[in-house]
Amino acid sequence: MTVFILVAGAFTGPHVWRDTAARLTAEGAEVHTVALTGLGGPVADGGGAVDLETHIADVLAVIDSVIDSVGDSAAEPAGGIVLVGHDYGIHPVLGAADRRARSIARIVYLDSGMPQDGVPALAAVPDQLVREEVAERAVAGTGEGPTGGELPPPARDAWPRWGSTAGLSEAALDGLTALAAPQPLGTLLQPLRLTGAVAEVPATGVLCTANGPGVEMLQIMVDVGTPALAALAEARVTFFELPTGHWPMLSCPDALAGTLIEAASGGGHLLTPAEAGRTPAHLRPFLLDVPERSRERTGNTDLYPPDGPGPHPAVVFVHGGPVPAEAKPTPRDWPTLTGYARHVAGQGVVGVTLDHRLHAVTDYEQAAADVADAVERVRADPRVDADRVALWFFSGGGPITAEWLTDPPVWLRCVAANYPILAPLPGWGLTGSRFHPVRALSRAGDLPVVLVRAGRESAEIAATVEEFVTEAARCGANLEIIDVPEGRHGFETLDPVDGAREAVHRAVGAVLARLKG
């Protein structure tokens, strides 16, 4: 018999698991929901401040109770215990599993981060304003020391700061709010301490795709070389997707239960290691057969000049991300970027690729500055017509378009974007950020915008694109949409089919028409 031990996330308690636990029990599993101290479990009289160690002890108590009930010991494999940690709950789960590693069959990361040794749970909180509030409360607090005090639960309309509420009914959101409890600050501030034993326990990630990346996007991130994600491509790690928001136990409890049962049996999708002797998707050939052209490299910028003395219009191609600083080759050498740059150079336009420092979602300020500096260097080149420049953004570079949609300069003749992210994603914690193209679009005036939309886009990114298109209709923006119905995110190297090639030709034609017209 599989034994599931379910640990809820911030502000929540055992009540959120009710329907999922009932389904698991009906399928023959044994289910335990952990009442974390202060979040459904009582605080001991006269006890000290509640911190992460308190919650690790709560999980350990349930694990040991299960082991004792079958006459086992903590030193011997139990073989059937599956620990499930949602959101913050993965931190006490990992802390407990690290101390009972031989007794745990599998750990399920339910729409959670990847906690590391020595890092507090606060680091995984997506919203910067929340992190600042916790820090202020901890310092100014209550005289109880750095781990005393509590963080009040979110108001009903503030839950999106903690994750997407997609799929939640009004009644579910009301219940989530009504039963929420304050989160003890110590649980967010105390660093997680791991010996490394937990690294050997099989793991499954359940990805809620309305709140974060799906399997395909994770594979891209592994291929690019994100160091922290390398372990996700090990054979002991599997993945499932659920097309819902951050609280699947409330939005789709039956589907979640079914997924947990499959996960317990070792099912799920496996990622492919980056070093597996294959060409990663982003390094496969560009879908057009574009002749080689000479390039000129200066600092972080490459120019592909066309024939003739000029001055010529220019297109600056801005890569997506985040891309780890260690990635080799760097984005300006990726086939998609070099392919477009050579293609426009063959049509009398200077093609420009560059590397910017978007290494994490907190780096948009720096990345935007890198792009702005590169654009000014390009415009200063005597071979470039400084009054005829277009910017073309890809994927995670999309939020930077907000800088150019807001009061665009007269020399900017067009902004283009391929499969872009056009609003901060729910898990980024950037809801108040200025890097929000949807909000900036109404200030773009008559600036032409060419949007290349991938028909097989991930749900979380597609939602931002749809929001952008809706806003364009509302404010009368000068938007041209080029659809790639069968195209995926990064279709230029993933889907070399006639429809995708036609879309590239149409997009390039649309941008160059704005530059040359």
Side-chain angles (χ1 to χ4, degrees), residues 4-24 31-36 38-40 55 82-93 107-115 121 124-127 130 151-183 187-188 204-214 239-263 424-429 431 458-460 463:
F4 289 96
I5 297 178
L6 311 178
V7 184
F11 309 112
T12 59
H15 61 275
V16 299
W17 299 110
R18 183 191 63 189
D19 294 341
T20 300
R23 167 68 187 277
L24 291 171
V31 181
H32 299 264
T33 57
V34 181
L36 297 176
L39 294 170
H55 285 176
V82 176
L83 291 180
V84 180
H86 172 245
D87 184 75
Y88 158 79
I90 198 63
H91 292 79
V93 159
I107 297 169
V108 176
Y109 293 68
L110 178 53
D111 211 42
S112 70
M114 297 173 56
V125 173
D127 196 294
V130 171
L151 182 67
R156 190 182 189 279
D157 60 353
W159 284 103
R161 296 174 68 182
W162 294 86
S164 169
T165 56
L168 289 184
S169 66
E170 293 298 314
L173 189 56
D174 287 341
L176 185 64
T177 305
L179 296 175
Q183 184 79 19
T187 65
L188 300 175
T204 295
V206 179
L207 309 173
C208 295
T209 56
N211 188 59
F239 290 93
F240 291 89
E241 293 181 351
L242 288 174
T244 189
H246 187 51
W247 287 273
M249 67 288 291
L250 299 176
S251 59
C252 54
D254 286 350
L256 173 59
T259 296
L260 294 179
I261 291 168
E262 287 190 61
L425 298 181
W428 285 7
T431 52
S458 66
E460 55 163 354

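Hydrogens, waters and symmetry mates are skipped; everything else that's a heavy atom, side chains included, is used.
- From Met114, atom CE reaches atom CD1 of Ile90 across 10.5 Å, with rounding to the nearest 0.5 Å.
- Here OG1 of Thr33 is found 12.5 Å from CZ of Arg18. Values are rounded to the nearest 0.5 Å.
- In this structure, the separation between CG on Leu256 and CZ on Arg23 is 10.0 Å, given to the nearest 0.5 Å.
- Met249 pairs in a side-chain contact (heavy atoms from CB on, under 4.5 Å) with only one of the listed residues (Asp19, Leu110, Thr12, Val84), which is Leu110.
- The heavy-atom pair separating Pro243 from Thr209 by the smallest distance is CA-OG1, 3.4 Å.
- Considering all non-hydrogen atoms of both residues, Pro14 and Ala35 come closest at CG-CA, 3.7 Å.
- We find the CG-OG1 distance between Leu39 and Thr187 to be 6.5 Å, quoted to the nearest 0.5 Å.
- Tyr109 places a side-chain heavy atom less than 4.5 Å from the side chain of Pro115.
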Practice task
Evaluate the criterion side chain to side chain contact (heavy atoms under 4.5 Å, CB included) for residue pair His55 and Val7; output intermediate values, then yes/no.
Solution key: CA-CA 10 Å; His55 285 176; Val7 184; over 6 Å; no
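- Considering only residues two or more places apart in sequence or on other chains, Thr204 meets the side chain to side chain donor-acceptor pair (under 3.5 Å) condition with Arg106, Thr238.
- Closest approach of Ala8 and Gly13 over heavy atoms only: CB-O, 3.7 Å.
- Trp162 meets the ring pair (Phe, Tyr, Trp, His ring centres under 6.0 Å) test with Phe11; sequence neighbours excluded.
- The line from OG1 of Thr244 to CG of Leu250 is 9.5 Å long, rounded to the nearest 0.5 Å.
- Val93 pairs with exactly one of Ile5, Val108, Ile107 by the side-chain contact (heavy atoms from CB on, under 4.5 Å) rule, that one being Ile107.
- A pairwise comparison of heavy atoms in Ala257 and Leu24 identifies O-CD2, 3.6 Å as the closest pair.
- Pairing each heavy atom of Pro426 with each of Ala210, the nearest pair is CG-O, 3.7 Å.
- In terms of modelled atom types and a separation under 3.5 Å, the side chain of Arg156 and the main chain of Thr177 share no donor-acceptor contact.
- Under the 4.5 Å side-chain criterion, counting only non-hydrogen atoms from C-beta, Leu176 is in contact with Trp247.
- Applying the side chain to side chain donor-acceptor pair (under 3.5 Å) rule to Asp111 yields the partners Asn211, His246; only residues at least two apart in sequence or on another chain are considered.
- You'll find the side chain of Leu168 stays beyond 4.5 Å of the side chain of Trp159, heavy atoms only.
- Side-chain contact check for Pro253 versus Pro248: every heavy-atom pair is 4.5 Å or farther apart.
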Handout entry: Criterion side chain to side chain contact (heavy atoms under 4.5 Å, CB included) on Leu36 and Tyr88, from CA distance to verdict
Key = CA-CA 11 Å; Leu36 297 176; Tyr88 158 79; 4.2 Å; yes
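- The shortest side-chain heavy-atom distance between Val82 and Leu260 does not fall under the 4.5 Å cut-off.
- Here the CG-CG distance, from Leu151 to Leu188, works out to 6.5 Å after rounding to the nearest 0.5 Å.
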